[in-house]
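Take a look at the structure below.
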Amino acid sequence: MKVLMLNGSAKPQGNTYRALYEVGEQLKKEGIDYGIFQIGADPIRDCIGCGQCGAKGCCIFDDDKVNEFVEKATEADGFVFGSPVYYAHPSGRILSFLDRAFYSGKKAFEYKPGASVAVARRGGTSASFDVMNKYFGISQMPVAGSTYWNLVHGRVPGEAELDAEGMQTMRNLAKNLAWMLKCFEAGKAAGVALPDTERGNQTNFIR
């Protein structure tokens with residue numbers, strides 16, 4: 001089993017990465033593999049509500065990493081999305097990225113557990129955590145929690161690992177996520193079927 005993580009920071013080795021790394025290393029101890037996908041600092045397009053992803057099977061824009069991420073998501077068993085907090089909400093780049101990833105590749109995420117992690121100097125973490133969790137709620141994804149909200153404090157790179165409670169929260173998150181993954185795997189082996197949910201003509205696009 002493998003967990004795919006998304007680093008929503010433009011800094012590849014900053015505090016958000018450090019929080020995700022702490023989750024990942026604990027996952028390894030639990031027998032779960034992981035990889036951290038870097039959004040990077042290149043421009044990311046917003047979703048324009050064109051609806052073309054339904055016909056194409058991928059986002060119409062191919063000049064950033066969204067389609068690459070969705071392709072990897074199809075092979076993943078669980079997810080952790082990490083974002084820095086700048087103005088009391090997730091980074092604009094991770095929201096643009098996730099909007100397009102979920103519109104164009106929603107089936108890659110369905111019925112797989114997810115978790116979000118927010119990293120800030122001080123405030124705005126719980127609000128950011130709530131925003132990212134909404135992607136799970138609309139995509140039939142169980143949400144993994146921890147012994148506190150999934151947040152870490154740190155401003156400049158290196159400070160996150162000084163937040164002892166935050167690092168503990170990341171490790172406990174990993175343990176809970178690993179437990180969920182193992183339960184789902186056992187359920188599949190026992191022949192437990194996915195729910196037969198009703199599907200209408202739902203869309204959030206405003207025409």
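Quick caveat: nothing in here was measured; it's all calculated off a predicted structure. We're numbering straight along the sequence, starting at 1.
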Where at least one partner belongs to residues 50-62, residue pairs that pass salt bridge (charged side-chain N to carboxylate O under 4.0 Å, His left out), sequence neighbours excluded: none

Joint cluster assignment, Phe109 & Val131, ILVMFWY side-chain distance < 4.5 Å: yes

Exam field: side chain Lys65 to backbone Asp42, donor-acceptor pair closer than 3.5 Å: no

Pairing residues for Ser126 by the side-chain contact (heavy atoms from CB on, under 4.5 Å) criterion, not counting sequence neighbours: none

Student check: side-chain heavy atoms of Asn15 and Pro84 closer than 4.5 Å: no

Parallel, tilted or perpendicular: rings of Phe102 and Tyr135 (30°, 60°): tilted

Carboxylate-amine/guanidinium proximity below 4.0 Å for Asp63 and Arg45: yes

Donor-acceptor contact present, side-chain Asn172 to main-chain Ser146, <3.5 Å: no

Flag if over 12 foreign heavy atoms under 6.0 Å of NZ, Lys182: yes

Phe79 reachable from Tyr103 in the ILVMFWY side-chain graph, under 4.5 Å edges: no

Test item: Leu177 and Pro113 side chains (from C-beta on) under 4.5 Å apart, heavy atoms: yes

Leu181 side chain reached by Val3 side chain, heavy atoms, under 4.5 Å: yes

Side-chain heavy-atom pair Met1, Phe184 within 4.5 angstrom cut-off: no

From OG (Ser104) to CZ (Phe69), nearest 0.5 Å: 10.5 Å

Closest contact, heavy atoms only, Gly166 versus Val152: O-CG2, 3.8 Å

Same apolar cluster: Leu4 and Phe97, side chain cutoff 4.5 Å: yes

Nearest heavy-atom neighbours spanning Thr169 and Trp149: CG2-O, 3.5 Å

Single hit among Leu6, Asn7, Thr16 for side chain to side chain contact (heavy atoms under 4.5 Å, CB included) with Ile36: Asn7

Hydrophobic cluster identity match, Val85 and Phe129, side-chain contacts under 4.5 Å: no

Min side-chain heavy-atom separation Asp64-Arg93 under 4.5 Å: no

Side-chain heavy atoms of Met132 within contact of Ile94, under 4.5 Å: yes

For the student: nearest non-hydrogen atoms of Asn176 and Gly145, plus distance: ND2-O, 2.8 Å

Over 12 foreign heavy atoms within 6.0 Å of NZ, Lys72: no

Point-to-point distance, once rounded to the nearest 0.5 Å, from CG of Asn150 to OG of Ser128: 12.5 Å

Flag, side chain of Asp77 to backbone of Lys2, donor-acceptor distance under 3.5 Å: yes

Residue pair Ile44, Arg100: steps toward the side-chain contact (heavy atoms from CB on, under 4.5 Å) verdict: CA-CA 10 Å; Ile44 297 172; Arg100 287 173 47 219; 4.0 Å; yes

Ile60 to Cys50 - nearest heavy-atom pair and separation: CG2-SG, 3.9 Å

Cluster link Leu173 to Leu151, ILVMFWY, side chain under 4.5 Å: no

Residue Glu25 excluded, over 12 heavy atoms near CD under 6.0 Å: yes

Reported CG-to-CD distance for the pair Leu20 and Gln38, which is rounded to 0.5 angstrom: 8.5 Å

Check: Arg18 and Met167 side chains under 4.5 Å, non-hydrogen atoms: yes

Mutual orientation of the aromatic rings belonging to Phe136 and Phe81 [parallel < 30°, tilted 30-60°, perpendicular > 60°]: parallel

OG on Ser116 to CG on Asn133, rounded to 0.5 Å: 3.5 Å

Closest approach of Thr74 to Lys112 (non-hydrogen atoms, all atoms of both residues): O-NZ, 3.4 Å

side-chain contact (heavy atoms from CB on, under 4.5 Å) assessment of Tyr111 paired with Thr197: CA-CA 11 Å; Tyr111 305 113; Thr197 53; 3.4 Å; yes

Matching residue for Glu22 among Arg171, Lys29, Lys175 - test: salt bridge (Lys or Arg N to Asp or Glu O under 4.0 Å): Arg171

Between OG on residue Ser96 and CD1 on residue Ile39, distance to nearest 0.5 Å: 9.0 Å

Tyr86 atom OH: more than 12 heavy-atom contacts under 6.0 Å: yes

Rounded distance (nearest 0.5 Å) linking atom CD of Gln26 with atom CD of Gln168: 11.0 Å

Other residues, nucleotides, ligands: >12 heavy atoms within 6.0 Å of Phe37 CZ: yes

Donor-acceptor contact below 3.5 Å, side chain Ser9 vs main chain Lys11: yes

Where Met170 and Ala19 come nearest, the two heavy atoms and their spacing: CG-O, 3.8 Å

Note, Leu194 side chain near Gln140 side chain (heavy atom, < 4.5 Å): no

